[in-house]
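In this chain, numbering begins with 1 at the start of the sequence shown.
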Amino acid sequence: MRLFAAIPLPEPARTQIVGLLERLRESGWPVRWVHHEGLHLTLKFFGEVPTERLEVIEEAVRFAGQGTGPLALRLAELGAFPSLNRPRVLYVAVDAPSALELLQDRLERGTEAIGFAPEGTPFQPHLTLGRVREGQRCPARDLEEYADTYEQVPFVATELVLYESILTTRGPRYDPRLTLDLGA
Ligand code: 2AM
């Protein structure tokens, strides 16, 4: 099974991103846009893991999330990985308080202890909007035209979810396997 831990995108940020995605879809760019239902902020990607490891991963995620509390976040600028000049992944950045960085670090360290290599690159909190199709190019400069079409609203994240990513013919579907209430 393919697993990752993420924060599902709550309102009012969700409405902003859904609106932005609707406008971007009309751009005609060669991009596979993400589905509205699965909007999330990834904290740790586990990749393909044997089903029998689910329990120990759940335990590590539960432990990492303990005592976190609700997270005050904010939508930030539009961007692209690896760079705006050569975009492969289009995203909206998220302004992270130190509590989010701490949670991500606890996840990295807790899951390193059970055999998952740390990411190795600095944490860049973001919401993926779409991925440029293989072999195609996206007009990066035009992305800037969309920068003012959404509001960089503040929002509060109250859940940490361990998702299973299931590949279907219509793209990936994300099924929650464990949902933690950060406020608890
Ligand atoms: P992304 O938001 O940066 O695209 C489910 O596939 C989530 O896991 C995606 O949101 C993606 O993060 C992340 N993900 C997928 N493949 C990954 C990889 N090889 N390394 C790190 N994160 C990955």
Side-chain angles (χ1 to χ4, degrees), residues 1-10 13-14 17-18 20-21 24-25 29-66 68 71 73 75 79-83 86-94 96 100-136 138 155 157-182:
M1 62 198 318
R2 192 179 160 92
L3 296 175
F4 64 99
I7 287 173
L9 188 65
R14 206 186 132 69
I17 298 297
V18 166
L20 174 62
L21 275 168
L24 283 168
R25 270 201 186 87
W29 297 343
V31 173
R32 279 179 287 114
W33 302 106
V34 301
H35 295 296
H36 296 170
E37 313 85 62
L39 286 167
H40 63 266
L41 166 57
T42 301
L43 296 180
K44 177 69 187 170
F45 180 72
F46 297 100
E48 201 63 39
V49 300
T51 310
E52 54 271 23
R53 298 222 69 198
L54 177 61
E55 240 173 84
V56 71
I57 294 169
E58 284 181 352
E59 197 46 47
V61 170
R62 212 177 267 123
F63 189 74
Q66 258 172 24
T68 298
L71 296 163
L73 309 177
L75 294 183
F81 294 132
S83 71
R86 303 190 56 209
R88 300 312 306 167
V89 172
L90 308 181
Y91 67 79
V92 168
V94 174
L100 182 74
E101 288 178 7
L102 185 66
L103 174 59
Q104 190 268 346
D105 190 57
R106 284 174 59 123
L107 276 166
E108 285 284 15
R109 283 184 293 119
T111 56
E112 186 176 8
I114 57 167
F116 292 92
E119 214 42 59
T121 50
F123 177 45
Q124 283 186 268
H126 66 275
L127 303 159
T128 296
L129 301 172
R131 298 175 177 86
V132 180
R133 290 183 189 279
E134 212 47 51
Q136 307 266 348
C138 174
F155 61 99
T158 56
E159 285 184 345
L160 170 63
V161 177
L162 179 65
Y163 286 103
E164 179 178 2
S165 171
I166 298 168
L167 297 175
T168 75
T169 48
R170 294 178 54 248
R173 192 183 79 224
Y174 304 136
D175 285 358
R177 302 299 304 228
L178 171 74
T179 300
L180 298 175
D181 182 354
L182 293 176

*Asks:* Quick one: are Val61 and Leu107 in side-chain contact, heavy atoms under 4.5 Å?
*Replies:*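 In contact.
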*Asks:* Nearest 0.5 Å please: distance from the CZ atom of Phe155 over to the CG atom of Leu41.
*Replies:*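 Here the rounded value is 7.0 Å.
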*Asks:* For Glu164, run the salt bridge (charged side-chain N to carboxylate O under 4.0 Å, His left out) check against Arg173, Arg2, Arg177 and tell me which one passes.
*Replies:* Arg177
*Asks:* What is the distance from atom OG1 of Thr51 to atom CZ of Arg53, rounded to the nearest 0.5 Å?
*Replies:*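 Atom-to-atom, Thr51:OG1 and Arg53:CZ are 12.0 Å apart.
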*Asks:* If you look at every heavy atom in Tyr91 and Ala80, which pair is closest and at what distance?
*Replies:* CE2-N, 3.3 Å
*Asks:* Nearest 0.5 angstrom please: Leu3 CG to Phe45 CZ, how far?
*Replies:*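 The distance works out to 9.0 Å.
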*Asks:* Would Leu21 and Leu39 count as a side chain to side chain contact (heavy atoms under 4.5 Å, CB included) here? Give the steps.
*Replies:* CA-CA 11 Å; Leu21 275 168; Leu39 286 167; 4.1 Å; yes
*Asks:* Could you give the distance from CG (Leu9) to CD (Glu37), rounded to the nearest 0.5 Å?
*Replies:* 13.0 Å
*Asks:* Would you call Leu178 and Ile57 a side-chain contact if the rule is heavy atoms closer than 4.5 Å?
*Replies:*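 Result no, sub-4.5 Å side-chain heavy-atom pair not found.
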*Asks:* Does a side-chain heavy-atom distance below 4.5 Å link Leu43 with Phe123?
*Replies:*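 Yes, side chains in contact.
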*Asks:* Under 4.5 Å between any side-chain heavy atoms of Leu54 and Leu162, yes or no?
*Replies:* yes
*Asks:* Is it the case that atom CD in Glu134 sees more than 12 heavy atoms from other parts of the structure closer than 6.0 Å?
*Replies:*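 For Glu134, atom CD is not crowded (no more than 12 foreign heavy atoms under 6.0 Å).
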*Asks:* Hey, mind stepping through Thr128 and Thr42 against side chain to side chain contact (heavy atoms under 4.5 Å, CB included) and telling me if it holds?
*Replies:* CA-CA 9 Å; Thr128 296; Thr42 301; over 6 Å; no
*Asks:* Could you walk me through whether Arg133 and Arg32 pass side chain to side chain contact (heavy atoms under 4.5 Å, CB included), step by step?
*Replies:* CA-CA 6 Å; Arg133 290 183 189 279; Arg32 279 179 287 114; 3.3 Å; yes
*Asks:* Could you tell me if the side chain of Leu160 sits less than 4.5 Å from the side chain of Leu103, heavy atoms only?
*Replies:*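 They are in contact (side-chain heavy atoms under 4.5 Å apart), so the answer is yes.
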*Asks:* Once you round to the nearest 0.5 Å, how far does CD of Glu112 lie from CG of Asp105?
*Replies:*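 One gets 10.0 Å once the value is rounded to the nearest 0.5 Å.
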*Asks:* Are the side chain of Glu159 and the backbone of Asp181 linked by a donor-acceptor contact shorter than 3.5 Å?
*Replies:* no
*Asks:* Check this for me: Arg86, atom CZ, are more than 12 non-hydrogen atoms of other residues, nucleotides or ligands nearer than 6.0 Å?
*Replies:*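 Open: at most 12 neighbouring heavy atoms sit under 6.0 Å from CZ of Arg86.
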*Asks:* About how many Å separate CG of Leu71 and CD of Glu101, when rounded to the nearest 0.5 Å?
*Replies:* 11.0 Å
*Asks:* Is the shortest side-chain heavy-atom distance between Leu100 and Ile7 below 4.5 Å?
*Replies:* yes
*Asks:* Is the ring pair Phe116/Phe46 parallel, tilted or perpendicular, if the boundaries are 30 and 60 degrees?
*Replies:*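 Answer is perpendicular, since the angle exceeds 60°.
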*Asks:* Checking Glu59 now: which residues fulfil salt bridge (Lys or Arg N to Asp or Glu O under 4.0 Å) with it, not counting sequence neighbours?
*Replies:* Arg62
*Asks:* Taking all heavy atoms of Gly65 and all of Thr68, pick out the closest pair and write down the distance.
*Replies:*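 That closest heavy-atom pairing would be O-OG1, 2.7 Å.
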*Asks:* Which residues pass the salt bridge (Lys or Arg N to Asp or Glu O under 4.0 Å) test with Arg14, sequence neighbours left out?
*Replies:* none
*Asks:* Between Tyr163 and His40, how do the two ring planes meet: parallel, tilted or perpendicular, split at 30° and 60°?
*Replies:* tilted
*Asks:* For a quick test of reading the model, state the closest non-hydrogen atom pair linking Ala60 to Ile114 and the distance between them.
*Replies:* CB-CD1, 3.9 Å
*Asks:* Tell me if the CZ atom of Phe63 is crowded by more than 12 foreign heavy atoms within 6.0 Å.
*Replies:*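 Atom CZ in Phe63 is not packed in, count stays at 12 or less.
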*Asks:* Please name the pair of heavy atoms, one in Val31 and one in Cys138, separated by the smallest distance, quoted to 0.1 Å.
*Replies:*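 Residues Val31 and Cys138, closest heavy atoms: CG2-SG, 4.3 Å.
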*Asks:* Search all heavy atoms of Thr168 against all heavy atoms of Gly171 and return the closest pair with its distance.
*Replies:* OG1-O, 2.5 Å
*Asks:* Does His35 reach the main-chain N or O of Arg170 with its side chain, forming a donor-acceptor pair under 3.5 Å?
*Replies:*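 Yes, His35 side chain to Arg170 backbone: donor-acceptor pair under 3.5 Å.
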*Asks:* Show your working on side chain to side chain contact (heavy atoms under 4.5 Å, CB included) between His126 and Phe81 and close with a plain yes or no.
*Replies:* CA-CA 10 Å; His126 66 275; Phe81 294 132; 3.6 Å; yes
*Asks:* Would you name the heavy atoms of Ala96 and Pro125 that are closest together and state the gap between them?
*Replies:*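 Closest pair (atom of Ala96, atom of Pro125, distance): CB-CG, 3.7 Å.
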*Asks:* For atom CD of Gln136, is the number of surrounding heavy atoms from other residues, nucleotides or ligands below 6.0 Å larger than 12?
*Replies:* yes
